[in-house]
Every structure is written in C-alpha cells, then in structure tokens.
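The next block holds one structure in the form of structure tokens; read it before the comments.
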Amino acid sequence: MTKKKIVLLDGNSLAYRAFFALPLLTNEKGVHTNAVYGFTMMLETILANEKPTHVIVAWDAGKTTFRHSTYTEYKGGRQKTPPELSEQFPYIRKLIEAFGITQYELDLYEADDIIGTLSKECNDAEAEVVIISGDKDLTQLANDQTTVCITRKGITDLEKYTPAHIEEKYGIAPLQIIDMKGLMGDASDNIPGVPGIGEKTALKLLKEYGSVEAVYESIDQITAKKMKENLVNNKEQAFMSKELATIEVHAPITVSLNDLDFVGRNEEEVIQLYKELQFKSLLEKMDVSVEVQPLEEIAVHTVEEITSEMLTDTMSVHVEIDGDNYLSEDILGIGLSNDTDTYFITTELATSSDLFKSWIADHATRKYVSDSKSAYAAIARLGMELNGAEFDLMLAAYIVNPSFSTNEVSEIARSFGYHGVESDEAVYGKGAKRTVPASEQLANHTARKAHAVWELYPVVTKQLEDNEQRDLFHDLELPLAKILGKMEVTGVKTDVDVLKTIGEQLSERLAVIEKTIYEMAGETFNINSPKQLGVILFEKIGLTPIKKTKTGYSTAADVLEKLASEHEIIQHILLYRQLGKLNSTYIEGLTKEIHEDGKIHTRFQQALTQTGRLSSINPNLQNIPIRLEEGRKIRAAFIPSETEWIMFAADYSQIELRVLAHISQDEKLIEAFRQGADIHTKTAMDVFGVNEEEVDSNMRRAAKAVNFGIVYGISDYGLSQSLNITRKEAGEFIDTYLASFPGVKQYMDTSIIDAKQKGYVTTLLKRRRYLPDITSSNFNLRGFAERTAMNTPIQGTAADIIKQAMIDMDARLEKENMQARMLLQVHDELIFEAPIEELEKLKEIVPEVMEQTIQLDVPLKVDWNYGKSWYETK
DNA sequence: TGTGTCACG
DNA sequence: ACGTACGTGACACAC
C-alpha cells in the first residue's frame, strides 16, 4: 500500500484570498464568480501537484468561537464579508462537492482547529500532511510530516513552510510561532500582544529565551527599560494572546482520516457547474465545447429614412466610434432606443437628415447617452450640435463608484446586472486582428449599447439618489462633460518650429553627453537601459548600490544623486536622462500629436481617477515641464490660435491646504489663511518655535515638505525621503506639527475611523471613494488605504472646486459675450486664450469666478498671468 | 505586457 | 516592526 498523503484546506481563508486576488467577474445571471474561479484554480493546482489520497476542506463555523469566551474582542473590528463574496460561498461548496471532497465545520471552532486536530491524527497515523491556507498562524503545525503552504502572491503561488524553512526565515521552531503571536499580537484577528513589540523584537526575545513563559521567568535580565515595562504591564495580555493564537489539536471533531478518501471528481457535476459559472477556459481544458449564450433578443431597426415619429421626446443615444479616440477615429453610426424601439442610423444618414439635426440639437428632447463628452465631440465633428443630454452612463457609474472606471458600455452594463451587450473585443477583435464587422453586426452592437443605456438609466439613477449624489452628477459632472468636450475640440495651437529648434539643440547636446559617458565607462552601452546602466555603474565601475528593484539595481534619480560625489559619470547620466526625456516625450511625442489644424487636441478623462481629478491623454498636457528651465521652454510652443490673441493662465494658490483648513476646521490653519499669511513660513514658525524673522529658507523648505506630507497622508518614512533626513527626525517634525495643529490631527484620525466604519470617504460635494483595504491585515495595504483616507477628501474636494469653477467660468464667458476660450485644466489651474482686447476683463473675472465658486471657511486665492505663449504666463 | 523611470499637480 | 509619501501618463527596454 502506498503511503497516505492528506491535504487539509482552510476554506474561508482561501476563498477570501481568491476573492481579493482576482478582479470581480460575473456570469450572465450577474452572480459574481471571481472567488469561485480562484478557488477552482487553487484546487486544480493543488490536486495536480500533491496527488493526495485524502482531502478535506475545513470551514469556520460561525461568528462565535470558544476563543470569544477568553477574549470577547477576538477578531473584533473586522469588516463584514463583502456581499459579492458571500453570494459565492454556496458555489464554492458545490464545487468542492463536485470534486468529491469532504467538507467539515464544527460549532464554536475555527477551520484552524479542525485542521490542527486532523493533522495531529494524521501524524499519529504516520501519514504525510499538506496544509493549505492564507493564514500564517497555521505554520505552527509544521513538523517533519507536515508541510504548511501559505498563499504568497496571486492564487497559485504557495510558500512552503517546513520546520527548516521556518528556522531559516524566523530563526525559531514552528511551535514558537505561537509565542511570537503572543508577544507581537495579530492585527487581523485583533489579538493584542504586547504593545511596542513587533516581529523583530518578538523574534529577538524568543531566540534568547525560547517562549513567552521563559521571557517572564527571566524578566529581570531584560535591560531595555521601556520594553521591560511594556512586558510587565501586559503580562496577562501576553499569555492570553498566546492562548488565542494556539490552534486546538483536540477539537471534538466527528470526522476522521478514514472519511476523507479522495477518489477524484465527478466530471459531469464539474462540467455542469463550470457551465453555470461560465468558466470557459476550464471547460475548454476539459474538451467540452462551450456554446455561446444567445443574447436577449432585441428588435433592431436599421433605419432607411429618419422620420419624426421615431425621434421621441426621451431616447437613449449611443455614438459608436472605431476605437476610443472620438476626436480622430471614424464615427461608425448612431444607436437610439426607448421603451418601444431600438434603431441604428448610419453616419451618412444622420448627417444628411435635417430632422435628426434639429432633434439632436433640441434642448427640449431628453437624451440618455453612454458617454456624453464623446458624443458632444463626435456630433460636433458631424457638423451638428448635441443638446439635452440628461444622463451619461459612464459618468454616472463612475460617480457611484470611481473604482469602476471603464469606457466600455458592456462592462458597465454587466456591473449593473445587464447582460445584453457583447464586449467590443468580441465584436471587433483584438490587436492587429481588429476590424469593423459587417454592417448588420455593427448596427446590432451599436443599437444594443443604446438599449443598455436606456435600460440602465433608472438603475444607476436610483443608486445616485441613494448615495445623495444626484447634484454631483447632474449639476457638476454632466455639464462639465460638455465643457470638456468643447475644450478638446478647440485644442491648443502648437508652434512646431519652436519644438523643432529645441529638439535640434537637445540632439546636439545629447550626442556630446553620450560620447562623454561612453568614454568614462570605457565602452558603449544603452544608457536608456536601467539593466545595462546598472551593470556599468555597480559592476564595472564598482559603485555601491543604494536601492534594489525587483529586477536589479535601482538607477532612479534620487539614488544616482546620492552617488554623484562618488564618480563624475553620474552627473552626465542624470543630465542625459533629463534631456533625453525632454526629447523623446515632449519634442518627439508632442510633434507627433499636432493635427492638420496646427493644434494639439488632448482628451480629458473624466471618469478615471480615484479622487475626482481629471486626467489628460493623447497627449498628456497636464505634465508639460515647468520645474526646470530647460524643460519649461517647451511651453513656448503652446500659443494662441489667432493673431493678436494672448494666453492667460490662472491658478489656485495652496488650494489643497486651504481645503484641509476647511474640512479639518483647524483654528490656527484657518486663521493663517484668513490673515493671508505665507503658509509654509507660518508652518515653520510653529514647527520650529521661532518668530517670522527667524524663519530661514531651510526651515521654510522643511515646513513646505511637511505640508505636502500632511496632504498626502503623512508617514515619517515618506517625509524622511523627501527631506533626506532620518526617520526619527521626520517623526519628530510630524509630532510637533500635529501638536501645533490639533484640528489637523483630529481630521487625520477621524477620516480613518470614518473610512473603517463606512467603507468609503467623501469629498465636499459627496464624491465617494471606497477603501476596502482599510481593514486589511496586510500592513502595506492597510497603511496605503489609511493614507488614502486622509488624502482623498482633500485632493477630491480641490477637484470638486475647480470643476465647479470651470462650469461657472464657462457660463460667465458666455454671459459676458466674450471670445475667450478655456483650453486646459491642470488640476489647480485653468488656461485660456483670448483676444488682447479682452485681457482687462479676464484679469477681473477669472480670479473673481474661481475664488467665489464655492465658499469655504477660508478664502480661496487665485494668481494669474498672461503672455504670447504658455511659457510667458509666469 | 510588465517594469523602471520621470514629467506634472 | 512594516519599508510608502497622494494622484496621473508616456516613453524605452526586455521579455
């Protein structure tokens, strides 16, 4: 008889892991399937790799366990299981059943205890045991017969904890893992441990004394005063924590090894389930043909002639584009839909129809659009005007939840439970194989999108209402879409000769620097390759690597700057990088983007960022150089589109700190802004405890960095990096700052608590960002979510404000009957072009509108400038 | 297609 | 202790 091999799986832990490792997927019924899919992948991989004779999946029984009688707060503060995961558990159970695997749960016990008890039984029976979980606690069960595999990254990558591996990794034996948890606690299970003791300290103590008990027996030998004090004061808690972390190996389970025989899966049941879940690739692997689910039947009328009867008062409209660039790609046709009919109109028909032209321009007919900004721009390209857009599916979905950002109607529809649209990839194909399909299929696809918008209007509108986001959507984002569309179509005139001249100068200089670098290196190599550069610097020349990346040595600028004194080549490389960037991204990149009209037409993504900001693509005009003079010259290429016009730029001064003052209600910060103080100097006075005259440039610079840090959700490490000081010094700065601005401290704390409680944070205009990681047991993920909780309301409120200002500004220019045009938004600044005659008026109204757009408890301040090019607006 | 780097607010 | 500052997009390289 072959030796028995038993695999014990921790069901809850692996289901969670699968859920969070994979993006949300749904089948056609709208049931989420990502956790089931991940779990399936894990099962298949494990069974194939381990070839077990016996398998079991253990589940946690319920909320209350025997550990709660020891400590009522055990596993406290955990976020509830997301409903998207809860609904998947029945499927995971069905799946396990179809695989012919026993599953077991036991009242008052956790999966850990079932696994512990069974592994003990198997050990006694001298069988080989493999435990699979995402929870490192289980590693305490490792021994010569038992390997504990913990999910590492993704879903099928497992780290194998054998006693040898644990010894190598932590320097302790498996059972000492329990002592380690006793000392350091476990945030994910809310096990307290001893304050001030983390992994490093816990391991140090255990290597010296061996166990929690031994540590306390030798407590007098411990010299570190603070640590000893913590240990003494929290003795009971330490022992309790150890008890909580100990896996029960004598649980009263009613299964035994003999019940766990694994004979293989029931192919028919598996296929049935995979079909229900639409696991196409897995079915294909089993050689089962997958029939495509027919879409819901919709009668699509391909219109021959547009009649007034078909154009009703309220309709959904979808303009289909060949690709995502609606400013340049072909307009393939238009879909229309309402309660009774769905139509497809070719572009030619639409443009030749006066009926359609007047209907689409009519403010009185309501249109529900899939992406109104795209529609505004595309309709404008057809020589018509779109008015009366009352709903925008893409924007509405983004407002409801910005993490759901896609411009594909099919994806948005699916996430709201509507499955009547195929993906663009299925219709057009992918990559090089992409083609526009035959007219019938194109008509169908386009019309289906229009129908989806119609069907989803009430669904998404309801969610906006529930979230109290109707105003944000209807009064801010929707009108903004129209304005952005106008800005994109207008474009920015670009002087190609300026770019060319700068480019030529750059090329010459680059050639010289390149030569110098090769001479210094003693060989030619690709300076743009971090890999090759790393070899030259750290192996050939022998400089000391300061930082490593996943793939090798880091050659990032901050690293190279630290090495600049070591070797002359560094400064040349830095300069080469800087100039090379200008040349490739800005000179060559921008030149390629100049259209026939001599303008660059960027597109603003309005439904992308997690904070509510815009982004700019094809090209990005929100990151044109300014900080270094050499790069700043690029801005001279951006000029007015008409002669005798000027560029006019206005930016908010310190908008994020003003927003912070407002939402934190910190009295000192509010007062500083009301007095019109230089905020960095004021911060320096408080942090360094000096008066205004004593603040030198270094102090102000440090204060500025602290202010940045505060806005970003401060960490001592981050601040230490930006100021090049030690973490300790940075930490002291932060403490002093927060002591001196208690309102800010209060804000930081409450925004995190708030995010934990509600699962999301909000901006002034009720924009939301969900932060599921805020309760993660992973320090990195949680820390990131916490900083985001602090930063997003600030950055997002600033975005709300400038968006409102753009709407007000557009209205004001209209009202004043001005020719001036808004061209660009760069997060806290607006750029216009205008006839020189309008300059005086602009100087007056731009700051006025921007400053008055939303009233905060501190004044908003706007600086402005003008000139013959963007460069001159400084 | 992912990674590293660097441009902006 | 953990090893990151927040938010973006584009380019070159290496696979």
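Quick note on labels: first sequence line is chain A, next is B, and so on, each numbered from 1. This one's a predicted model, so the numbers in the text were calculated from it and none came from an experiment.
Between the CG atom of A:Leu533 and the P atom of B:dT5 there is a distance of 9 Å, given to the nearest Å. Distance, A:Asp651 CG to B:dC8 P: 15 Å, rounded to whole Å. Atom pair A:Gln825:CD and B:dC8:P shows a separation of 17 Å (rounding to whole Å applied). Atom CZ of A:Arg782 and atom C1' of C:dT4 are 14 Å apart (whole Å). Note: CD1 (A:Ile573) to C1' (B:dG4) measures 15 Å, nearest angstrom. Remark: C1' of B:dG9 and CZ of A:Phe708 are 8 Å apart, rounded to the nearest angstrom. For A:Asn620 and B:dG9, the CG to C1' distance is 11 Å, given to the nearest whole Å. Taking atom CZ of residue A:Phe525 and atom P of nucleotide C:dC13, one finds them 13 Å apart after rounding to whole Å.
At a threshold of 4.0 Å, the pair A:Asp678-A:Arg700 counts as salt-bridged, since one of the basic side-chain nitrogens sits closer than that to a carboxylate oxygen. Checked for salt-bridge contact, A:Glu786 and A:Lys756 meet the test: a charged N lies under 4.0 Å from a carboxylate O.
Residue A:Arg613 has its side chain nearest to B:dG9 when only B:dA7, B:dG9, B:dG4 are considered. Checking C:dT8, B:dG9, C:dG7 against the side-chain heavy atoms of A:Thr611 singles out C:dG7 as nearest. Looking at the side chain of A:Leu719, the nearest of the listed nucleotides B:dA7, C:dA5, B:dG9 is C:dA5. Nearest to the side-chain atoms of A:Asn528 among the listed nucleotides C:dA12, B:dG4, C:dG7 stands C:dA12. Distance from the side chain of A:Thr609 is smallest to C:dT8 among B:dG4, C:dT8, C:dC6. Among the nucleotides B:dT5, C:dG7, B:dC8, the one closest to any side-chain atom of A:Ala556 is B:dT5. The side chain of A:Thr549 approaches B:dG4 more closely than any other nucleotide in the set C:dG3, B:dG4, B:dG9. The listed nucleotides are C:dA5, B:dT5, B:dC8; the one nearest the side chain of A:Asn623 is B:dC8. Closest to the A:Ser615 side chain, of the nucleotides B:dG4, C:dA5, C:dG9, is C:dG9. The A:Ile626 side chain lies nearest to B:dG9 when the options are C:dG9, B:dG9, C:dA14.
Contacts of A:Glu656 with the nucleic acid, taken as non-hydrogen atoms under 4.0 Å apart, are absent. Here A:Lys581 lies in heavy-atom contact (under 4.0 Å) with a base. A:Ala557 comes within contact range of the sugar-phosphate backbone alone, with a heavy-atom separation under 4.0 Å but no base atom that close. Among the protein residues, A:Leu582 comes within range of no part of the nucleic acid, since none of its heavy atoms lies under 4.0 Å from any strand. When heavy atoms are screened at a 4.0 angstrom cut-off, A:Thr201 is found touching the sugar-phosphate backbone but no base atom. Using a 4.0 Å heavy-atom cutoff across all strands shown, A:Ser554 reaches sugar-phosphate atoms only and no base atom. Nucleic acid contact for A:Gln795: base, since at least one base atom lies under 4.0 Å from a heavy atom of the residue. Across all strands shown, A:Val826 has heavy atoms under 4.0 Å from sugar-phosphate atoms exclusively, and none from any base. Residue contacts for A:Asn618: at a heavy-atom cut-off of 4.0 Å it reaches the sugar-phosphate backbone alone, with no base atom in range.
Between A:Leu614 and the choices A:Arg603, A:Lys803, A:Gln605, the side chain to side chain contact (heavy atoms under 4.5 Å, CB included) rule is met once, by A:Lys803. Checked options A:Ile536, A:Ile513, A:Leu537, A:Leu563; the residue passing with A:Ile573 is A:Leu537 (criterion: side chain to side chain contact (heavy atoms under 4.5 Å, CB included)).
Side-chain N/O atoms of A:Arg769 and base N/O atoms of C:dG7 include no donor-acceptor pair closer than 3.5 Å. Side-chain atoms of A:Arg577 stay outside donor-acceptor range of the base of B:dG4, with no qualifying N/O pair under 3.5 Å. Looking at A:Gln622, its side chain has no donor and acceptor atom pair within 3.5 Å of the base of B:dC8. Counting distance only, with no hydrogens placed and no angle test, the side-chain atoms of A:Lys531 and the base atoms of C:dC13 include no donor-acceptor pair under 3.5 Å. Between the side chain of A:Ser715 and the base of C:dT4 there is at least one donor-acceptor pair of N/O atoms closer than 3.5 Å.
Relative orientation of the A:Phe638 and A:Trp870 rings is perpendicular, given thresholds of 30° and 60° on the angle between their planes.
Distance check on atom P: C:dT4 versus B:dT3 gives 15 Å, rounded to whole Å. For the C1' atoms, the distance from C:dG3 to B:dA7 is 25 Å, rounded to whole Å.
Between the side chains of A:Gln606 and A:Tyr398, no donor N or O sits under 3.5 Å from an acceptor N or O.
Figure legend. C:dA1 is base-paired to no nucleotide; pairs are counted as Watson-Crick or G-U wobble with both atom distances under 3.5 Å. Nucleotide C:dC15 forms a pair with no other nucleotide shown, judged by Watson-Crick or G-U wobble geometry with both contacts under 3.5 Å.
Mapping A:Asn526 and A:Pro619 onto DNA chain C by nearest heavy atom places A:Pro619 closer to the 5' end of the strand.
The environment of NZ in A:Lys500 is sparse: at most 12 heavy-atom neighbours from other residues, nucleotides or ligands sit within 6.0 Å.
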